[in-house]
Amino acid sequence: MAAQKPTLPKGTRDFGPADVQKRKYILNTIETVFKKYGFMPLETPTMENLSTLEGKYGEEGDKLLFRILDSGDYLKSLKEHNDKILSDESQDATFAPSVSGKLIDLEAKAATKFISEKGLRYDLTVPFARYVVMHRNEITFPFRRYQMQPVWRADRPQKGRYREFWQCDADVVGSDSLLNELDLIQIYDEAFDSLKIPIQIKYNNRKLLDGLSQLFGIEDKLIDMTVILDKTDKIGIDAVVEELKSIGANLDSLAKFQTVFQLPNLTTKHLNEFFSSSNEIAKKGVDEIVKIAEYLEVIYGSNNRLPITHDLALARGLSYYTGSIFEVVVNDDRCSLKSSIGGGGRYDNLTGIFGLPNVSGVGISFGLDRIYDVMEELKLFPEQLRATSTQVIFCHFDEATQLYCLPALKLLRDAGIAAEIFPDNKKLGKQLEYANALQIPFAAIAGETEMQQQVFTVKNLITGEQQSCSTQALISLVGQ
RNA sequence: GUGGUUUUAGCUCAGUUGGUUAGAGCGCCUGAUUGUGGUUCAGGAGGUCGUGGGUUCGAGCCCCAUAUUCCACCCCA
């Protein structure tokens, strides 16, 4: 039998010991900040019912859902349906069998709902909304939760885009207050500051986009408009204005918009003026932006040091946002990743679709994998991150010296020092090579002489120095 | 989903118009040094050229299919 070549599904990766340590470093940093701001942990299942997931991420999102094949005879209901169609004169063309009549020739998309009822988690926000609705009677509102788990999207992989990736979310649900936005902005700042990643937080408000569409006279094309606006970074404001023209935007408003957008210092005063003739929703959006700016000023003073800017063109694709929206990009020219490493916003009615109306939520997300890529590229990981935690390795020469090491090994571990013994009888050189490869800082060498004197020759693998130590001396040396 | 791109030793990559036995660097193994790693020197092992078909006297190289990598669009973390 030919050996089978091992492979990995497209867009997935293995994480070796060193990778995991680095990923955990990021996760721990973010989690520490989440906790400091009073957020509580939550975990939800890898899979959700498709009824929970479908229709929440827009048309595009539905296409990217990983669907799980039903277990058992999943073709049965499809067969039954097929037979019914065959016997029914007024058949639905969508499900019409092919000329050959084979089930397999049915349109795949139409057949999906007969053979799949579960899907893999697409993000952490929708499962959270589902959780809130299902547990509304146990939850004390406002509810602050964080969640760090993998999600799956059937996207085409490319730079910074994977099919399996981790998100780290913090959301507050059951509170309208903009103090929540304030917390989330500070969390972004603090977490990325701890990770030493220079960032820019961009924020905007969906209510302003609503106002924009009204000013442009294209209320019915709100989604088209947001998609176009979202491209500003990529194609520039002029191209965006052209595209907006082509979908029928009012030329006067468009000209004003272009002027306002290009102001070097867009102040709340400009915003107020620009939206003065627009609807109440947009005015409320302006008020919210003004309020957040006030909060930030109270904390950081007028010379606000936070890397945050209001971006009138920030739109974001996810359809459920209704108020504030955020996006985080890396602010460093050396960084090749241009897409965002975090994003979020307020959704006034996410739980409504699950039968719990009038609960507002706001949240942010960190993209672990992209953060990892950025830190790797900018060399931001601390050097002391090693694949193994082992501090001391015991090296020996034969059965007798091996046994001699064991009580000391136990004492070190009891003292909380990560230690191991080289398990095989190999030349000392081999044992030290192993220690060196794993970047273990200390080697405790036990030979005939050491055993007689009840000591170890302790070698510092970094400096190369070595000295004779009792077990206690070894513990205090390494424990420092 | 659309268009392009990549795949040759453990890793990073050469490989001419199709022509004997497919190469390099690094890594790995052995020894110099049987009680000392990260430096040096000497020697050695390792490849069904992504996979399956086809063209040809002959294919790593040409054709088809498929998988995979990366990139752009779309969308997004």
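Reckoned from all heavy atoms, side chains included, excluding hydrogens, waters and symmetry mates. The sequence lines fix the lettering, A, B, ..., with proteins before strands; numbering per chain opens at 1.
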On a whole-Å scale, what distance lies between the P atoms belonging to B/U30 and B/G46?
-> 16 Å
Check whether the side chain of A/Arg316 and the base of B/C76 form a donor-acceptor pair under 3.5 Å.
-> no
Pull out every residue in residues 162-172 of chain A that has a heavy atom closer than 4.0 Å to any atom of RNA chain B, ordered by number, or say none.
-> A/Tyr162, A/Phe165, A/Gln167
Rounded interatomic separation in angstrom, taking NZ from A/Lys159 and C1' from B/A77 | 14 Å
Every stem of 3 or more Watson-Crick or G-U pairs under 3.5 Å that RNA chain B joins, in order of first number, is B:1-4 with B:70-73, B:10-13 with B:23-26, B:28-32 with B:40-44, B:50-54 with B:62-66
Rounded to whole angstrom units, what separation is found between the CD atom of A/Glu60 and the P atom of B/C75?
-> 7 Å
Side-chain donor-acceptor pair present, A/Asn49, A/Thr52, cut-off under 3.5 Å | no
Atom pair distance, as rounded to whole Å: CD in A/Gln158 and P in B/U2 = 15 Å
No-hydrogen, no-angle side-chain donor-acceptor test under 3.5 Å, A/Glu327 and A/Asn204 = no
Do A/Phe442 and A/Phe456 have ring centroids that are under 6.0 Å from one another?
-> no
Counting only distance, no hydrogens or angles, is the base of B/C71 paired donor-acceptor with the side chain of A/Arg156 under 3.5 Å?
-> no
Does a side chain donor of either A/Arg386 or A/Gln391 reach within less than 3.5 Å of an acceptor in the other side chain?
-> yes
Contacts of A/Glu31 that satisfy side-chain hydrogen bond (donor to acceptor under 3.5 Å, both in side chains) - sequence neighbours left out | A/Tyr146
Could you list the protein-to-nucleotides 41-44 of chain B atom pairs, N/O on both sides, closer than 3.5 Å?
none

Nearest heavy-atom approach of A/Phe15 to A/Asp369 is CZ-OD2, 4.3 Å
Quote, to the nearest angstrom, the P distance that separates B/C13 from B/G3.
-> 27 Å
Determine the interatomic distance between C1' on B/U48 and the same-named atom on B/U36; round to the nearest Å.
-> 43 Å
Give the rounded distance in Å between these two atoms: CG of A/Asp230 and C1' of B/A77.
-> 14 Å
For B/A45 versus B/G37, give the span between their C1' atoms, rounded off to a whole number of Å.
-> 23 Å
If you measure from the P atom in B/U68 to the same atom in B/C28, how many Å do you get, rounded?
-> 32 Å
Nucleotide B/G1, atom P - distance to CG of A/Leu65 in whole Å | 14 Å
To the nearest angstrom, how far is A/Asp155 atom CG from B/A77 atom P?
-> 11 Å
With a 3.5 Å cut-off and no angle check, do the side chains of A/Ser213 and A/Glu219 form a donor-acceptor pair?
-> no
Mark yes when over 12 heavy atoms from residues, nucleotides or ligands other than A/Lys338 sit less than 6.0 Å from its NZ; otherwise mark no.
-> yes
Is it possible for you to check whether A/Arg370 lies under 6.0 Å from the centre of the six-membered ring of A/Phe165, through NZ or CZ, and within 45° of that ring's axis?
-> no
Heavy-atom neighbours of A/Asp424 CG exceed 12 at 6.0 Å | yes
Could you run down nucleotides 31-38 of chain B 5' to 3' and tag each one B, S or - for protein heavy-atom contact under 4.0 Å?
-> S---BBBB
Please determine which of A/Val33, A/Thr32, A/Ile30 meets the side-chain contact (heavy atoms from CB on, under 4.5 Å) test together with A/Glu190.
-> A/Val33
Could you tell me the separation between the CG atom of A/Asp233 and the P atom of B/C76, rounded to a whole number of Å?
-> 14 Å
Might you point out which heavy atoms bring A/Tyr162 and A/Gly11 nearest each other, and give the distance in Å?
-> CB-O, 3.7 Å
Is the closest basic N to carboxylate O distance between A/Asp171 and A/Arg145 below 4.0 Å?
-> yes
Rounded to whole angstrom units, what separation is found between the CG atom of A/Asp224 and the C1' atom of B/C74?
-> 14 Å
Could you pull out all donor-acceptor pairs under 3.5 Å where a side-chain atom in residues 60-67 of chain A meets a protein atom, sequence neighbours excluded?
unit_1	atom_1	unit_2	atom_2	d
A/Asp62	OD1	A/Gly55	N	3.0
A/Asp62	OD2	A/Gly55	N	3.4
A/Arg67	NH1	A/Glu54	OE2	2.7
A/Arg67	NH2	A/Asp62	O	3.0

